[in-house]
K.L.:
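Just dropping this structure here.
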Amino acid sequence: MVVFVKQFFFFQSSDFLFKFLVIGNAGTGKSCLLHQFIEKKFKDDSNHTIGVEFGSKIINVGGKYVKLQIWDTAGQERLRSVTRSYYRGAAGALLVYDITSRETYNALTNWLTDARMLASQNIVIILCGNKKDLDADREVTFLEASRFAQENELMFLETSALTGENVEEAFVQCARKILNKIESGELDPERMGSGIQYGDAALRQLRSPRRAQAQSAQECGC
Ligand code: GDP
Ligand code: MG
């Protein structure tokens with residue numbers, strides 16, 4: 001298995017770490033979305049033999065640094081064999097369809113059922129109508145998809161991995177919603193399988209009071 005780990009902000013520490021998934025039918029542009037998010041460029045077809053299965057990037061959301069660990073199906077969806085372990089413990093997901101293909105839109109309900117059953121129950125999902133640049137070939141209207149999103153409690157954006165439109169926004173909006181849920185107490189990062197971990201910066205903060213205590217105990221000799 002070829003694993004590519006890309007990380008910008010090499011020396012940037014993070015407050016949280018979220019596991020993210022990219023799901024949806026084959027051909028909807030999931031790998032291109034991941035590539036555009038990490039590399040800020042469109043992945044042309046010539047390098048599609050390289051299966052990017054994993055990407056990582058630190059983003060700043062309202063002053064907090066969040067490291068996203070993003071998993072791509074890497075072709076498993078072609079064989080309808082996306083494994084349980086792929087879903088396990090994901091905090092967020094991009095659920096992708098292609099606005100020029102009604103078939104990929106019709107498959108959304110199945111993907112949703114799997115995500116809610118096999119990932120964390122509180123998984124935050126953003127619906128992405130990809131290939132927004134191909135408006136002339138559109139088979140699914142914005143309105144129809146936004147109604148579907150509302151009925152299923154999903155966030156919704158139309159994206160283009162080709163132009164980059166709304167790609168960063170999709171990841172950031174999903175991460176922001178997870179952070180809001182942590183802040184409101186709806187999500188507990190310490191619960192097993194939440195898909196959330198404290199990052200190194202937060203861990204340092206958590207540990208430092210104890211270290212300070214130990215140090216002062218040493219100093220006073222008690
Ligand atoms: P995956 O199977 O869901 O991972 O889809 P890929 O990322 O491999 O993309 C499938 C095809 O759609 C490729 O030929 C891409 O070049 C094309 N594609 C992906 N995203 C876009 C997009 O936003 N706009 C256009 N026009 N083509 C796209
Ligand atoms: Mg792919």
Side-chain angles (χ1 to χ4, degrees), residues 1-6 19-57 68-88 90 92-115 118-119 123 125-146 148-149 152 154-174:
M1 187 164 86
V2 186
V3 176
F4 285 88
V5 181
K6 285 274 175 185
K19 177 180 172 182
F20 265 39
L21 306 177
V22 192
I23 52 175
N25 275 18
T28 52
K30 298 180 300 299
S31 301
C32 290
L33 283 168
L34 178 59
H35 191 82
Q36 175 63 257
F37 177 59
I38 306 269
E39 302 278 354
K40 290 204 173 297
K41 52 181 188 256
F42 186 57
K43 180 171 85 83
D44 70 69
D45 281 345
S46 62
N47 62 8
H48 97 166
T49 47
I50 304 168
V52 175
E53 295 166 340
F54 178 79
S56 159
K57 185 171 173 177
L68 300 183
Q69 289 189 329
I70 310 148
W71 292 86
D72 182 16
T73 54
Q76 290 180 80
E77 76 283 18
R78 280 177 208 281
L79 306 164
R80 296 176 196 273
S81 63
V82 179
T83 56
R84 279 171 179 264
S85 58
Y86 176 75
Y87 283 100
R88 197 167 298 134
L94 266 69
L95 172 57
V96 187
Y97 69 96
D98 171 353
I99 67 154
T100 72
S101 160
R102 179 154 291 274
E103 191 192 337
T104 66
Y105 177 78
N106 290 342
L108 291 176
T109 315
N110 283 341
W111 284 106
L112 256 186
T113 312
D114 280 3
L118 302 174
I123 186 167
I125 303 172
I126 183 158
L127 179 64
C128 296
N130 192 39
K131 308 196 188 177
K132 185 180 194 298
D133 55 287
L134 298 178
D135 197 53
D137 302 322
R138 179 187 285 277
E139 287 185 3
V140 183
T141 67
F142 181 88
L143 192 65
E144 181 180 6
S146 50
F148 176 85
N152 290 283
L154 310 169
M155 290 177 286
F156 173 55
L157 277 177
E158 283 191 347
T159 57
S160 170
L162 178 71
T163 67
E165 192 178 349
N166 281 342
V167 175
E168 175 112 8
E169 286 78 354
F171 287 94
V172 170
Q173 281 193 24
C174 197

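For ligands, and for the atoms within them, numbers begin at 1 and follow the listed sequence. Remember, predicted model here, so these are calculated numbers, not experimental data.
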K.L.:
Should we say atom CD of Glu103 is surrounded by more than 12 heavy atoms from elsewhere, each under 6.0 Å from it?
P.N.:
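Atom CD in Glu103 is not crowded, with 12 or fewer foreign heavy atoms closer than 6.0 Å.
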K.L.:
Give yes if a backbone or side-chain nitrogen or oxygen of Thr28 is under 3.5 Å from a nitrogen or oxygen of ligand 1, and no if not.
P.N.:
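Yes, there is a polar N/O contact under 3.5 Å.
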K.L.:
Looking at Phe37, is Lys57 sitting on its ring face, NZ or CZ under 6.0 Å from the six-membered ring centre and within 45 degrees of the normal?
P.N.:
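Lys57 over Phe37 ring: yes.
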K.L.:
Between Ser31 and the Mg ion (ligand 2), is there a contact where an N/O/S atom of the residue lies under 2.8 Å from the metal?
P.N.:
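Looking at Ser31, which is the residue asked about, there is an N, O or S atom under 2.8 Å from the Mg ion (ligand 2).
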K.L.:
Under 4.0 Å from a heavy atom of Cys32: give me the atoms of ligand 1 that qualify, with their elements.
P.N.:
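In order of numbering, the contacting atoms are 7 (O), 9 (O), 15 (C), 19 (C), 20 (N).
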K.L.:
Could Glu139 and Lys131 be called an ion pair, given the rule that one side-chain N must be under 4.0 Å from one carboxylate O?
P.N.:
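Salt bridge between Glu139 and Lys131, a charged N being under 4.0 Å from a carboxylate O: no.
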K.L.:
Which ligand 1 atoms are under 4.0 Å away from a heavy-atom of Ala161?
P.N.:
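So the answer, numbered in order with elements, is 20 (N), 22 (C), 23 (O).
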K.L.:
To check you understand the geometry: which heavy-atom pair defines the closest contact between Ser85 and Lys19, and what is its length?
P.N.:
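Heavy-atom minimum between the residues: O-NZ, 3.7 Å.
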K.L.:
Quick check on side chain to side chain contact (heavy atoms under 4.5 Å, CB included): which of Val172, Leu157, Leu154 does Ile126 satisfy it with?
P.N.:
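Option passing the side chain to side chain contact (heavy atoms under 4.5 Å, CB included) with Ile126: Leu157.
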K.L.:
Give me the atom names and distance for the closest heavy-atom approach of Leu94 to Ala170.
P.N.:
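Minimum heavy-atom separation between Leu94 and Ala170: CD2-CB, 4.3 Å.
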K.L.:
Check whether any N or O atom of Asn130, backbone or side chain, sits under 3.5 Å from an N or O atom of ligand 1, and answer yes or no.
P.N.:
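In this structure, Asn130 places an N or O atom under 3.5 Å from an N or O of ligand 1.
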K.L.:
Hydrogens and angles aside, do Asn25 and Thr104 bring a side-chain donor and acceptor to less than 3.5 Å of each other?
P.N.:
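Their side chains do not contain a donor-acceptor pair, so the 3.5 Å distance test is not met.
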K.L.:
Show the atoms of ligand 1 that are less than 4.0 angstrom away from any heavy atom in Glu77.
P.N.:
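Going through ligand 1 atom by atom, the ones under 4.0 Å from Glu77 are 2 (O).
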K.L.:
Numbering the atoms of ligand 1 from 1, which are under 4.0 Å from a heavy atom of Ser31?
P.N.:
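Those atoms are 4 (O), 7 (O).
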K.L.:
Which ligand 1 atoms are under 4.0 Å away from a heavy-atom of Asp133?
P.N.:
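This gives 22 (C), 23 (O), 24 (N), 25 (C), 26 (N) as the contact atoms.
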K.L.:
Check each atom of ligand 1 against the heavy atoms of Leu134 and keep those under 4.0 Å away; list them by number with element.
P.N.:
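Per the distance check, 26 (N).
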K.L.:
For Asn25, take its heavy atoms, then give the atoms of ligand 1 lying under 4.0 Å from any of them.
P.N.:
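Matching atoms, with element in brackets: 3 (O).
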K.L.:
Please indicate whether any nitrogen or oxygen in Ala26 is less than 3.5 Å from any nitrogen or oxygen in ligand 1.
P.N.:
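No: no nitrogen or oxygen of Ala26 is under 3.5 Å from one in ligand 1.
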K.L.:
I'd like to check which ligand 1 atoms, numbered from 1 as shown, lie under 4.0 Å from a non-hydrogen atom of Arg78.
P.N.:
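Checking each atom against Arg78, I get 2 (O).
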K.L.:
Does Lys131, backbone or side chain, put an N or O under 3.5 Å from an N or O of ligand 1?
P.N.:
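Indeed, backbone or side chain, Lys131 has an N or O that close.
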K.L.:
Ile23 versus Tyr87: any side-chain heavy-atom pair under 4.5 Å?
P.N.:
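With C-beta onward as the side chain, the pair touches.
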K.L.:
Which heavy atom of Ser160 sits nearest a heavy atom of Val167, and at what distance?
P.N.:
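Where Ser160 meets Val167 most closely, the heavy atoms are O-CG2, 3.4 Å.
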